Structure formats: structure tokens, C-alpha cells
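Before any comments, here is the structure.
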Amino acid sequence: MKRHLTAVPDHLAIIMDGNGRWATQRGRPRWMGHVRGAQTVRKVVTHCARRGVGQLTLYAFSSDNWKRPQEEVKLLFELFATHLDRQLPELISNDIRLTVIGRRDRLPSALAERINAAEARTHSCRRMHLRVAIDYSSRTAIQTAATSGALERAMPDRSDATGAGILPSVDMVLRTGGERRLSDFLLWESAYAELAFLDVNFPDLTAADLDTVFADYAARDRRFGGVQVVDQLIKESA
Ligand code: IPE
Ligand code: IPE
Ligand code: MG
């Protein structure tokens, strides 16, 4: 509960929203926004690792995104596969572990195989744990965990214990694109997460924007149901 003014969130979760609007605002097709968004992912990952974020969880495709036109979905999966191939050597050289969360059984099998291979090749990387949520629904993850018993292991007194789709607690959720909602992302894990919303569309997100968000995080007083840090200090010095 101590406040560290230089602290970055140990577990940062980002809802990468606003790709489509980035493109339509420029009179371009939506897919161009996804292409630019994928380029931004690389910068975000590098910057978070450099700033000392321990875990970065990125929302790339929700289970509700299947409702989108088939062409858009197809392009998104092609982008995931291309960027996975392109960025794997960089992840390894930067000591970043990659895990993909969400359902894998509905993904194109070639993509699922690439994901398995990338996870295996980065398994022992330790600097940062990058998770990408693809075909992810938090409600589904909670439901699965509840029926498998994993939810009990993930109770707050054992917050390190995770499994069956339940992740360690999230310290901050950042959503770009201007909407102020969670859209079925990490609902259980974000019980005490700080929330940050930026009006910037994801393709335009910069390292400087992230630093602003980190400064905002460092200035927050996380109480977890306890008392303010200043109250605690007064009590201790009395
Ligand atoms: C986020 O951008 C990427 C995905 C959901 C795959 P959007 O595609 O939702 O962009 P907007 O919200 O329509 O601008
Ligand atoms: C959430 O964004 C999913 C991702 C960013 C991957 P959406 O654009 O799908 O969410 P809604 O529809 O605005 O809630
Ligand atoms: Mg959106």
C-alpha cells in the first residue's frame, strides 16, 4: 500500500481500441488502422519492457469480435501471424516471454501452431511477460475457472495462484480510443486495477503517452480497502 512515486504498474493491461476510427478519420479503409495498430504494438512492448513493466497483457481480439465482417477478421488473423513471425527474434533478444490467452480451438490452425511455437521458444524469457488476448472473453474465462476449481486457487489470499485462464491481478487497465468500458476484458483480475482512458486512437499511442499514464499511476493512492497512506503515517508517528 506504500506509494512509490517512480513506480510503473507491474501488470499493465491495454485495451488497444480505435484502429478503425484512426483509419476512417483519414478516409481510409478500417484494415489500414489495424496495420498501423500492429506497428504500434511493437513500440508499446519495447517501451514497457524498458520502463520495467513486469507483465503486459494486450487485448487484440475479443470473442465478440467474431461478429465483425469476415474479411476484417481474416485480415486480423493474418496480421497476428505476420507480426508473430517478424517480432519473435526481437522478443527472444529482449528476453520477453510471450503467451497467448483465450480460446485457441477456433483460430486458423496455422496461426495456432505459430502461437504454440512462439510460446515454446520464449518460455524461459524472464524480463517481461507479454500476454496477447485473442478470441478472449473474461466471462468465459471466469466460467471455465469456476467449473474447474481454478477460481478457488486464484482467490485474493493466493493472488499468485493462477490457472485455467485466470491471470495475476492487474495493476492498471489502459484503454485507448476514447471509450470508457472494459468490453469483457480481465474482469476478475481488475478488481483493484487503476483505470486509465485515453482519447488517443491506438495507432497514435506513443511512448510519451505511456509515460504520462505511468506518472498518473504513480500519483494514485492504492488503498485496497485500507486507509490512505497519509493516515497510516500519522498513526505510526503518534
Ligand atoms: C481495436 O480497434 C482492434 C480490435 C478490436 C481488433 P477497433 O477495430 O475496435 O477500432 P474502432 O473502435 O472501430 O475504432
Ligand atoms: C475491445 O474493443 C476489444 C479489443 C480492443 C480487442 P471493441 O471495439 O471490440 O469493443 P466495443 O465493441 O467498443 O465494446
Ligand atoms: Mg473498437
Side-chain angles (χ1 to χ4, degrees), residues 9 11-45 47-48 53 55-84 86-87 98-108 111-112 114-115 118 130-143 165 167 170 172-190 193-206 209-210 213:
H11 187 179
L12 173 68
I14 306 183
I15 302 173
M16 308 186 290
D17 196 25
N19 290 352
R21 277 163 288 166
W22 181 93
T24 47
Q25 282 162 11
R26 288 163 176 76
R28 296 179 188 166
R30 289 178 55 85
W31 64 264
M32 281 196 188
H34 295 313
V35 170
R36 289 297 288 263
Q39 290 165 2
T40 303
V41 168
R42 182 168 169 245
K43 290 187 224 155
V44 167
V45 169
H47 191 67
C48 286
V53 170
Q55 305 170 71
L56 174 65
T57 304
L58 302 176
Y59 205 6
F61 188 88
S62 80
S63 294
D64 286 319
N65 290 148
W66 286 109
K67 295 172 190 163
R68 296 187 178 205
Q70 218 184 331
E71 279 306 303
E72 180 168 341
V73 172
K74 191 167 165 266
L75 175 105
L76 282 166
F77 289 151
E78 280 165 13
L79 273 177
F80 296 150
T82 311
H83 281 265
L84 206 57
R86 214 177 279 166
Q87 286 171 38
L98 173 77
T99 307
V100 173
I101 58 168
R103 283 184 64 167
R104 213 162 290 187
D105 58 311
R106 300 190 289 196
L107 303 184
L111 175 61
R114 275 183 164 103
I115 291 170
L130 168 67
R131 296 188 191 85
V132 181
I134 301 177
D135 196 359
Y136 176 83
S137 153
S138 185
R139 284 177 170 173
T140 303
I142 294 168
Q143 214 162 34
L167 308 184
V170 169
M172 176 168 254
V173 176
L174 163 65
R175 182 172 187 141
T176 62
E179 311 294 355
R180 273 116 176 105
R181 56 177 171 257
L182 294 176
S183 302
D184 202 10
F185 190 45
L186 303 176
L187 304 178
W188 174 277
E189 295 86 343
S190 300
E194 299 297 325
L195 304 178
F197 300 99
L198 290 183
D199 291 331
V200 176
N201 287 323
F202 186 73
D204 284 332
L205 186 70
T206 62
D209 291 327
L210 285 173
V213 168

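Atoms within a ligand are numbered from 1 in the order they appear, just like the ligands themselves. Predicted, not measured: the structure shown is a model, and the values here were computed from it.
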Q: For residues Phe202 and Val44, determine if any side-chain heavy atom of one lies less than 4.5 Å from a side-chain heavy atom of the other.
A: yes
**Q.** Results of salt bridge (Lys or Arg N to Asp or Glu O under 4.0 Å) for Arg68 - residues two or more places apart only
**A.** Glu72
Q | Where ligand 2 meets Phe61 - atom numbers and elements under 4.0 angstrom, heavy-atom basis | A | 6 (C)
(Q) With heavy-atom distances below 4.5 Å as the criterion, would you say the side chains of Asp184 and Tyr136 are in contact? (A) no
Q: Taking all heavy atoms of Ala23 and all of Gly33, pick out the closest pair and write down the distance.
A: CB-N, 3.6 Å
Q) Can you find an N or O of Arg30 that's nearer than 3.5 Å to an N or O of ligand 1? A) yes
Q) Which atoms of ligand 2 sit under 4.0 Å from any heavy atom of Ile15? A) 5 (C)
Q | For Arg21, the ligand 1 atoms whose distance to one of its heavy atoms is below 4.0 Å | A | 11 (P), 12 (O), 14 (O)
Q) Does ligand 1 have an atom under 4.0 Å from some heavy atom of Gly177? A) no
Q. Do you know which two heavy atoms are closest between Leu130 and Leu58, and how far apart they sit?
A. CD1-CD1, 3.8 Å
Q. Are any of the side-chain heavy atoms of Gln55 and Arg131 separated by less than 4.5 Å?
A. yes
Q: Side-chain contact test, heavy atoms from C-beta onward, threshold under 4.5 Å: evaluate it for Leu174 versus Leu210 and give yes or no.
A: yes
(Q) Does any part of the side chain of Phe77, heavy atoms only, come nearer than 4.5 Å to the side chain of Ile134, both counted from C-beta? (A) yes
**Q.** Donor-acceptor pair, side chain of Arg21 and main chain of Asn201, under 3.5 angstrom
**A.** no
**Q.** 4.0 Å protein heavy-atom contact status of atom 13 (O) of ligand 2, strictly under
**A.** yes
Q: Look at atom 2 (O) of ligand 1 and say which protein heavy atom is nearest, naming residue and atom and giving the distance to 0.1 Å.
A: Asn19 N, 3.2 Å
Q | Ligand-residue contact atoms, ligand 2 with Arg181, heavy atoms, under 4.0 Å | A | 11 (P), 13 (O), 14 (O)
Q | Top protein contact for atom 9 (O) of ligand 2, by heavy-atom distance | A | Asn65 ND2, 2.9 Å
**Q.** Set of residues satisfying ring-ring contact (aromatic ring centres under 6.0 Å, His included) with respect to Phe197, sequence neighbours excluded
**A.** none
N/O donor to acceptor pairs below 3.5 angstrom from side-chain atoms of residues 100-107, sequence neighbours left out:
from, atom 1, to, atom 2, distance (Å)
Arg103, NE, Asp105, OD1, 3.0
Arg103, NH2, Asp105, OD2, 2.7
Arg104, NH1, Asn116, OD1, 2.8
Arg104, NH1, Glu119, OE1, 3.0
Arg104, NH2, Val100, O, 2.8
Arg104, NH2, Glu119, OE2, 2.9
Arg106, NE, Asp135, OD2, 2.9
Arg106, NH2, Asp135, OD1, 2.8
Arg106, NH2, Asp135, OD2, 3.4

Q) Below 4.5 Å, heavy atoms only, C-beta onward: do Thr57 and Phe185 meet side chain to side chain? A) yes
Q. What protein heavy atom sits nearest atom 10 (O) of ligand 1, and how far off is it?
A. Gly20 N, 2.9 Å
Q | Atoms of ligand 2, numbered as shown, that sit under 4.0 Å from any heavy atom of Asp17 | A | 2 (O), 8 (O)
Q: Using a strict 4.0 Å cut-off to heavy atoms of His34, name the atoms of ligand 1 that fall inside it.
A: 3 (C), 8 (O)
Q) What's the count of protein N, O or S atoms under 2.8 Å from the Mg ion (ligand 3)? A) 1
Q) Do Ser183 and Arg175 come close enough that some side-chain heavy atom pair is under 4.5 Å? A) yes
Q: For Met16 and ligand 2, answer yes if some heavy atom of the residue is under 4.0 Å from a ligand atom, otherwise no.
A: yes
(Q) In the structure I gave you, are the side-chain heavy atoms of Leu12 and Cys48 within less than 4.5 Å of one another anywhere? (A) yes
(Q) Please compare Ala60, Pro203, Ser183, Ser62 and report which has the shortest non-hydrogen distance to atom 6 (C) of ligand 1. (A) Ala60
Q: With heavy atoms of Arg68 as the reference, note each atom of ligand 2 found under 4.0 Å away.
A: 7 (P), 8 (O), 9 (O)
Q. Quick one: does ligand 1 sit under 4.0 Å from the side chain of Leu76, the backbone, both or neither, non-hydrogen atoms only?
A. side chain
